[in-house]
Amino acid sequence: EVAGPRINVNWTMIGRLAPGIAPEQAATELSTIARGAQAEDPEALYDFGAGIQPLADALVGDAAGYLRLLMAVVLCVLLIVCANVAASSLARASVRAREMAVRASLGAARARLVQQMLIEHLSLGLAGGAVGVFVAWAALRVILSRWGEQIPRSAEVVMDIRVLVFVLATSLIAGLLAGVLPAVRLSRISLREMTSSGSRTSVRGGRNLAGASLVSFEIAVALLLLAGAALLIRSFQSVIGRDIGFDTNVATVEGALSGERYAEGAARVAYWDQLLGEYRSIPGVQAAAVTQWVPLGLTGTGFIDIEGGDVPGAGAVYRVVSEDFFRALAMPVLAGRSFSPADAMGAERVAVINRTMAGRFWAGENPVGRRVRARSMEGGGGGEGTPAPWLTVIGIVGDVRTFGLETDARPEMYVHFRQRPQWTTSMTAIVRGDLPAAQLSGELRRRGATVDPQIALDIGTLDERLSDTLATRVLTMSLLASFAAIALLLAAMGIYGVLSYAVAQRTRELALRSALGATRARLVQLVLGAGLRVIAVGLMTGSAAAIALTRMLESMLVDIEPLDPWSYGAAIAVLLGVSLAAILVPARRATRLDPMIALQGE
């Protein structure tokens, strides 16, 4: 015999720790109490122990990990911006070098020259921060309006003084990062060096190209973000390609019955019967049913016993449904039969199980006709301390991914709602028709009001529930892909800017090469070689970083390995293609030089 109350272990307790008590200490003490309860009543299966989780973590859930990922992505984009500005400043060094050399020869201290350059970059950083605040304000409104319901504590997300202070600090730091290297480099130039070297920028190789290291860094970080975005996109494609096991073009109507009118189970069953009758009479409706737990919503899992078998800790999802439940969700009946009106109160207790449950507990056997007992969900059949009743398996249905596309099918058992009127207080009607489910909402509400206008009905669709389960993944994937695209654009701009300045500053050299017989192909090869060396260094560094860091995404990937070759290949191909396009313009410019005009200008 099983003590019914204690086997219901799916409760959560909220408590406040006493001062000076660490969470680990409390968890140890509670687990000791749990083991003592199990020792007193081994049949109760009270063997889960007790764990402690901060309430904030319980409310935020997986969102904290996604937010940390996005914060790291934003930091990467910010570093690319700083590197881009610094590389551009270094590439334009020849323009400012003569100015700095003259200032130094007139008595300006090196610290004064560094200060001037840093002030210029700090001003640029503050200007960018001001623009960023406006863009962030607009983007925040869009994100909250689109995904606000899926973001924990989204109502508390506001752009207050703390955000502005953070933006100010970040803008100043970004300005310093972007300006410190060009400032130090230019402050070292003397007038003698200027007059002797002519302040030319070499394009003979990526190693000597001004700003080449910074551009390679941009490419590496961009590749890291592109690889991460490609992995999430591939994972999302794998997720949405899964078979969820039921038709999601189904309307849902949630209702809860209360008051003296529905105190008895028979009255509640009669209400749901009348409601289903109204819904079935709607033109175009194919099937209507009720269940106490709809897929993609709250679901109860309980301990079970298998007659003739000893499976310690066996459990299954327990769902109370009406006879048309499987037809309403377009779930196939694989063996045996579904429920019928004959499965009423007082008739033999029956159950339908899914394919996963049949394979797990009756492997190689036909479970139809066998018996199962749902202890923690049925309770004592004849009163406190009595065993739950045995249920005869009458059929097997297909599997469903109850908790969404990212999860696997679990053992499930279905019982007829007429045989379990205790569960009929709060139920959900599901309606499938010829039209999109959302178009049925108005008629469903009107028909529900004719049955009992006092019962509030919450109407939705399973498509909406499915979208909600994927919302966090879609948001993260969309933001990461957007930041990766920005990083890609910035890296291309960095390559283009550095090579353009290099070509402009080496006009005389290129013109002399052309005058001495160098072909256009040779000039293009010269510029392309410089750019390709920068790209190659960035791709090699970025590939190593991506392999090392994208393992952090492993918990977010479904059916995709962190080292998925297709994702890395696509990221490298996209980055290489965009980078080559960025260096073609400076390369073509080099081929259009007229030696006579260029030498006359010099």
Side-chain angles (χ1 to χ4, degrees), residues 2 4 7 245-246 265-266 268-270 272-273 276 287-295 299-309 311 314-363 365-383 386-400 402 409-425 427-430:
V2 179
I7 60 176
F246 59 91
R268 296 193 296 269
V269 170
W272 296 117
D273 278 337
L276 290 179
V290 291
T291 175
Q292 104 282 16
W293 283 317
V294 69
T299 300
T301 301
F303 293 115
I304 62 173
D305 288 327
I306 306 299
E307 187 179 36
V311 186
V317 174
Y318 183 93
R319 208 184 301 275
V320 177
V321 303
S322 64
E323 52 265 23
D324 282 340
F325 177 81
F326 306 115
R327 193 159 67 91
L329 291 182
M331 294 174 56
V333 178
L334 306 177
R337 68 174 179 88
S338 179
F339 296 115
S340 70
D343 300 315
M345 176 63 70
E348 179 188 15
R349 291 293 306 279
V350 295
V352 175
I353 64 175
N354 70 342
R355 178 166 44 198
T356 295
M357 184 170 177
R360 181 168 301 181
F361 303 122
W362 290 280
E365 303 179 30
N366 182 8
V368 176
R370 306 291 290 272
R371 297 203 301 175
V372 61
R373 180 168 61 186
R375 284 188 283 166
S376 55
M377 307 305 291
E378 293 270 353
T386 63
W390 287 103
L391 311 177
T392 301
V393 177
I394 60 172
I396 305 174
V397 295
D399 291 333
V400 300
T402 295
R410 302 187 182 188
E412 295 201 19
M413 59 183 297
Y414 305 86
V415 299
H416 201 291
F417 84 119
R418 299 182 194 281
Q419 297 185 338
R420 289 293 287 160
Q422 300 93 326
W423 290 87
T424 56
T425 299
M427 301 195 80
T428 300
I430 53 177

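In this structure Thr356 satisfies the side-chain hydrogen bond (donor to acceptor under 3.5 Å, both in side chains) test together with Asp399, sequence neighbours excluded. The side-chain hydrogen bond (donor to acceptor under 3.5 Å, both in side chains) test applied to Gln292 returns no partner, not counting sequence neighbours. Evaluation of the side-chain contact (heavy atoms from CB on, under 4.5 Å) rule for Ala288 yields Leu276, Tyr279, Arg280, Val431 as partners, not counting sequence neighbours. Phe246 is linked by a ring pair (Phe, Tyr, Trp, His ring centres under 6.0 Å) to nothing, counting only residues two or more places apart in sequence or in another chain. Qualifying salt bridge (Lys or Arg N to Asp or Glu O under 4.0 Å) partners for Arg418, counting only residues two or more places apart in sequence or in other chains: Asp273, Glu323. Residues passing the ring pair (Phe, Tyr, Trp, His ring centres under 6.0 Å) test with Phe361: none are found, sequence neighbours excluded. Residues satisfying the salt bridge (Lys or Arg N to Asp or Glu O under 4.0 Å) test with Arg268, not counting sequence neighbours, are none. For Arg371, the side-chain contact (heavy atoms from CB on, under 4.5 Å) partners are Glu307, Trp390, Thr392, not counting sequence neighbours. Checked against salt bridge (Lys or Arg N to Asp or Glu O under 4.0 Å), Arg410 has no partners two or more places apart in sequence or in another chain. Scored by the side-chain contact (heavy atoms from CB on, under 4.5 Å) test, Ala328 finds Ala287, Ala289, Ile430 as partners (sequence neighbours excluded). Remark: Tyr318 engages Glu378, Arg420 in a side-chain hydrogen bond (donor to acceptor under 3.5 Å, both in side chains) (not counting sequence neighbours).
For the ring pair (Phe, Tyr, Trp, His ring centres under 6.0 Å) with Trp423, the lone residue among Trp272, Tyr414, Trp293 that qualifies is Trp293.
With rounding to the nearest 0.5 angstrom, the CE atom of Met413 is 11.5 Å from the OG1 atom of Thr301. Summarising the geometry, atom CG belonging to Asp305 is positioned 4.5 Å from atom CZ belonging to Arg373; distances are rounded to the nearest 0.5 Å.
For the residue pair Val400 and Gly245, the shortest heavy atom distance occurs at CG1-O, 3.7 Å. Closest approach of Ile396 to Ala358, counting heavy atoms only: CD1-CB, 4.1 Å. The nearest pair of heavy atoms linking Gly265 to Thr424 is O-OG1, 4.4 Å. The two residues Thr299 and Val294 have their closest heavy-atom pair at OG1-O, 4.3 Å.
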Tell me which donor-acceptor pairs under 3.5 Å the side chains of residues 329-341 have, and how far apart each pair is, sequence neighbours excluded?
unit_1, atom_1, unit_2, atom_2, d
Arg337, NH1, Asp343, OD2, 3.1
Arg337, NH2, Asp343, OD1, 3.1
Ser340, OG, Ala342, N, 3.3

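Between Gln419 and Val350 there is a side-chain heavy-atom pair separated by less than 4.5 Å. Annotation: side chain of Thr402 is in contact with side chain of Arg319 (closest heavy-atom distance under 4.5 Å). Looking only at side-chain heavy atoms (C-beta outward), Val372 and Met357 come within less than 4.5 Å of each other.
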Ring pair (Phe, Tyr, Trp, His ring centres under 6.0 Å) between Phe325 and Phe417, intermediate numbers included = CA-CA 11 Å; Phe325 177 81; Phe417 84 119; over 10 Å; no

